[in-house]
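Encoded as structure tokens, the structure appears first; notes follow it.
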Protein chains: 2
Amino acid sequence: MSPKTKEQFKEIRNQSKASIQAAALELFGKQGYANTSISQIAKAAGISKGLMYNYFESKEVLLREILLAAFGEGENLMETSLLQQSAPKEQLLAIIEGTFYMVRSQPQYWKLLTTLAFQPEIAGEIEWATKHKREGTLELFKNILAQLGVKDTEKEAYLMGATLDGILLQYFFLGNTYPLEDMKKLYIERFCNF
Amino acid sequence: MSPKTKEQFKEIRNQSKASIQAAALELFGKQGYANTSISQIAKAAGISKGLMYNYFESKEVLLREILLAAFGEGENLMETSLLQQSAPKEQLLAIIEGTFYMVRSQPQYWKLLTTLAFQPEIAGEIEWATKHKREGTLELFKNILAQLGVKDTEKEAYLMGATLDGILLQYFFLGNTYPLEDMKKLYIERFCNF
DNA sequence: GTCTATATGAGGATAGAC
DNA sequence: GTCTATCCTCATATAGAC
């Protein structure tokens, strides 16, 4: 027998978890959470249905862990790119570029989060998170806009947020035929002309 | 026995159908389609579960009939308000006012359509409709913008559509605390300044 | 750690009495 | 037209062998 250390076991376990999460993320994003069965996930991950429950105690927990990972990545990326800028206009640009980058590079996460936000039955799971994120971005916008001398920061922040969301949703629906890069430019041109 | 005419029967039947549809619309909008059971609908409509199937042969058909009604109303409203205008700018304003009005006056329909659009499992049902509507509005925008002398009508139409959608989604998420009327004004001010 | 087989429950849909 | 009782499918979750 080849004796294995605790670390090695842990490593194997983590890899298995990761591959299940990856498969689930893909399927959740494509078909939605409710319409994706454990069987499908297990099949996609190349394991048996029962084994799933050695790694995640329920489908809901699986979802939560995927979401936590997604949020973590997002927060990280945003914070680091924000810290590199101090001038308000550059901060604003950093937020925008960061958002577009995130959506482009991790479309599955983005799709999953979006579909979930519109599924009231699941919303409870991620309500705190989306709400927190939404309000956080809005506050950030308001803050920066105030520094840039904008008068009605509340409404202006809403408008900027609305357009940003709208563009990303169009990308969501239209896929790669959508001129995302051009729209980013147009957005910056139209909303960041300070 | 009180003899009833065919018309009277039909009338009773239509009223029953309507009350079921109303209950279902309410619940679908609040909880989502997948997470609303036939039992719940029947209870809300004050009838038994089994009776549902005398009026709608399946849950899916029930959904479809609700959607068809919603689309019909929407199309109607939009077309009549469009026909009253001929100048491009007034047409543009009519579309915008019409959209806001529709969302304000029939929030349940709007919520249902929105949640469904983001549920891949159901999307097939209404894909044709949403796609058609989406493209139609976009074409309309492009057309009007061209008449108004805008250069890149494609991107501009996307931007206008994105912002409009985004505002309505914020309303969707924030509810009555959201300053919808003010945002409408701001939107018109910012995008219809021709 | 991994599998197969099974328990359990929910929800859509049907049958048949009234 | 309306109800109650029942069927059936499917998906989550568990048990137990290997």
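Residue numbers begin at 1 in each chain, while the letters A, B, ... track the order of the sequences.
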Separation of C:dT8 P from A:Lys59 NZ (nearest whole Å)
22 Å

Please tabulate, for the side chains in residues 105-114 of chain B, all donor-acceptor contacts under 3.5 angstrom to protein atoms that are two or more places apart in sequence or on a different chain.
unit_1: B:Ser105; atom_1: OG; unit_2: B:Tyr101; atom_2: O; d: 2.9
unit_1: B:Ser105; atom_1: OG; unit_2: B:Met102; atom_2: O; d: 3.4
unit_1: B:Gln106; atom_1: NE2; unit_2: B:Glu73; atom_2: OE1; d: 3.4
unit_1: B:Gln108; atom_1: NE2; unit_2: B:Glu26; atom_2: OE1; d: 3.4
unit_1: B:Thr114; atom_1: OG1; unit_2: B:Trp110; atom_2: O; d: 2.7

On the nucleotide D:dT14, are OP1 or OP2 found under 4.0 Å from the side-chain N or O atoms that A:Tyr53 carries?
no

Lys/Arg-Asp/Glu bridge criterion (N-O < 4.0 Å) met for A:Arg134, A:Asp165:
yes

Any residue meeting side-chain contact (heavy atoms from CB on, under 4.5 Å) with A:Asn35, in chain and number order, not counting sequence neighbours
B:Glu121

Expressed in angstrom and rounded to an integer, what is the separation of B:Met52 atom CE from D:dT4 atom P?
15 Å

Any salt bridge linking A:Lys10 with A:Glu7? Criterion: basic side-chain nitrogen under 4.0 Å from a carboxylate oxygen.
no

Rounded distance in Å - CG (A:Leu62) to C1' (D:dA11):
15 Å

Between A:Gln15 (CD) and C:dG1 (C1'), how many Å, whole number?
14 Å

So which of residues 32-45 of chain A are in contact with DNA chain C, with a heavy-atom cut-off of under 4.0 Å?
none

For A:Asn193, is the CG atom crowded, meaning more than 12 foreign heavy atoms sit under 6.0 Å from it?
yes

Cation-pi between A:Lys131 and B:Phe173: NZ/CZ under 6.0 Å from ring centre and within 45° of the ring axis?
no

Spacing of B:Phe56 atom CZ relative to C:dG11 atom C1', expressed in whole Å:
19 Å

Mind checking ring pair (Phe, Tyr, Trp, His ring centres under 6.0 Å) for B:Phe71 and listing every partner two or more places apart, or none if nothing turns up?
none

Which hydrophobic side chains are connected to A:Leu83, either touching it within the sub-4.5 Å cutoff or through other members that do?
none

Expressed in angstrom and rounded to an integer, what is the separation of A:Glu57 atom CD from D:dA13 atom P?
9 Å

Heteroatom pairs (N/O) under 3.5 angstrom, protein to nucleotides 2-6 of chain C:
unit_1: C:dT2; atom_1: OP2; unit_2: A:Tyr55; atom_2: OH; d: 2.5
unit_1: C:dC3; atom_1: OP2; unit_2: A:Ser48; atom_2: N; d: 2.8
unit_1: C:dC3; atom_1: OP2; unit_2: A:Ser48; atom_2: OG; d: 3.1

